[in-house]
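Below: the structure, in structure tokens.
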Amino acid sequence: MTATLEIEKISPENTLEACARQVIVSYFREMMSYKEGAEDGTDIEFVHEMRVTSRRLRAAMDNFADCFPEKPFKKYYKKIKAITRTMGAVRDLDVLIARFQRELVILTEAEQADIRGLIEHLQQEREDARKPMLMLFAELEATDFETKFLEFFNSSHRTAR
Amino acid sequence: MAKVHTIIGVKPLGSYRENARIILPQKVEEVYTWEPFIHDETRQEELHNMRISIKRLRYTMEIFRAAYWLPKTGPKEVSLTHDERFAKLLAVIVDLQEILGDIHDCDVVLEVLTDYACQSECETSAQGVATLIDQTKEARKADYKVFLEKWEQLSTTNFKQKLLSFLAS
């Protein structure tokens, strides 16, 4: 089930603290479900979906910061921000490459040669941009980030701030 | 990118419904802090920041959608109408985000093409790059015009007030 569907099931009379945990955990799970595809890199949609969901997760965390103890919350928030940033660098290049590839059809053969050169240049940049993303994924695994994040946000912190 | 505005007055032990009415109006106000800059098409950074604020508002509206469903005691038709109103307001926000996204894409493409043209000028005539620069400039101009027309139309129909009233309801 997508996070959006889970969030729509929230009971509005529940406390914000309880709902905040539900929203954050739902988005986090959805975001992580795209990680393997993003790592593989063949289908550009995985990077796109992972980045978008990380943004939704950050929006939720921005709104719900007061529901959690400040110090550990900030640590998790910082890591999610790093995920958005590294995914963004790859996604921006995917978008540019796809756009220039689409635009080739409206150009003359000589003009196409120029743009093909640019596309090759961007593809190389994309390879470079994937490196920090893959390094971050490796770090998340090495530090068991997923388990720790879920443990933290699945627990109640009623005396947060 | 503009920093997210800190949300004030959140009540962790208050209901989800109550907090939606505390948080969402602040997100609307964040969007409107960029309004003074939009009549100048060269204010790329502010237009981009408005897009980011609109995106934050959109995501926050999606998060709190359940907080605007009427209690089940009311007639079913009334609940549906209320949710339809929410959906319509959300659609306006998504539409604004998309057109500002198109403008931003053009700005990024122009920067990439211009940089590439400078690099390759010595080697080739880079006619393809010049052609795409011209086309992207035209597209940007057209997208900006569409955005401004949409914004003006929303201002004329008092969209901000309608949105705030609904979100406070």
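Lettering of chains follows the sequences in order, A, B, ..., and the numbering in each one begins at 1.
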So for atom [atom1], which belongs to [X], do other residues, nucleotides or ligands contribute more than 12 heavy atoms lying within a distance under 6.0 Å?
{"X": "A:Lys79", "atom1": "NZ", "result": "no"}
{"X": "B:Glu152", "atom1": "CD", "result": "yes"}
{"X": "A:Gln123", "atom1": "CD", "result": "yes"}
{"X": "A:Gln101", "atom1": "CD", "result": "yes"}

Are [X] and [Y] in one and the same hydrophobic cluster, where Ile, Leu, Val, Met, Phe, Trp and Tyr link if side-chain heavy atoms are under 4.5 Å apart?
{"X": "B:Leu164", "Y": "B:Leu89", "result": "yes"}
{"X": "B:Ile38", "Y": "B:Phe159", "result": "yes"}
{"X": "B:Ile93", "Y": "B:Trp151", "result": "yes"}

Of the backbone (N, CA, C, O) and the side chain (C-beta and beyond), which part of A:Ile10 lies under 4.5 Å from a heavy atom of chain B, both, or neither?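 When you check distances to chain B, atoms from both the backbone and side chain of A:Ile10 fall under 4.5 Å.
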
Heavy-atom distances under 4.5 Å only: say whether A:Asn63 touches chain B with side chain, backbone, both or neither.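 For A:Asn63, backbone and side chain are both near chain B.
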
Highest number of heavy-atom pairs under 4.5 Å with chain B: which of [options]?
{"options": "A:Cys19, A:Ala110, A:Ser11", "value": "A:Cys19"}
{"options": "A:Gln112, A:His121, A:Glu111, A:Glu103", "value": "A:Glu111"}
{"options": "A:Ile115, A:Val95, A:Leu122, A:Ile106", "value": "A:Ile115"}

Tell me, do [X] and [Y] make a side-chain contact under 4.5 Å, heavy atoms counted?
{"X": "B:Phe64", "Y": "A:Ile7", "answer": "no"}
{"X": "A:Arg56", "Y": "B:Arg58", "answer": "yes"}
{"X": "B:Lys11", "Y": "A:Leu16", "answer": "no"}
{"X": "B:Val112", "Y": "A:Phe100", "answer": "yes"}
{"X": "B:Leu132", "Y": "A:Leu107", "answer": "yes"}
{"X": "B:Val4", "Y": "A:Arg58", "answer": "no"}

List the steps and the verdict of side chain to side chain contact (heavy atoms under 4.5 Å, CB included) for B:Val108 and A:Asp92. CA-CA 9 Å; B:Val108 173; A:Asp92 289 348; over 6 Å; no

Side chain, backbone, both or neither: which part of B:Gln135 has a heavy atom under 4.5 Å from chain A?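 For B:Gln135, the side chain is the part near chain A, not the backbone.
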
According to the interplanar angle, ranging from 0 to 90°, do the rings of B:Tyr16 and A:Phe64 count as parallel (below 30°), tilted (30 to 60°) or perpendicular (above 60°)?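 Ring orientation, 0 to 90° scale: tilted.
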
If you tally heavy-atom pairs under 4.5 Å against chain A, which of B:Thr131, B:Asp105, B:Ile7, B:Ile23 wins?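 Heavy-atom pair counts peak at B:Thr131.
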
Just do the side chain to side chain contact (heavy atoms under 4.5 Å, CB included) check on A:Leu57 and B:Tyr59 with the steps written out, would you? CA-CA 9 Å; A:Leu57 173 58; B:Tyr59 293 161; over 6 Å; no

State, to 0.1 Å, how close B:Pro12 and A:Thr15 come at their nearest heavy-atom pair, and which atoms those are.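 For B:Pro12 versus A:Thr15, the nearest heavy atoms are O-CB, 3.8 Å.
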
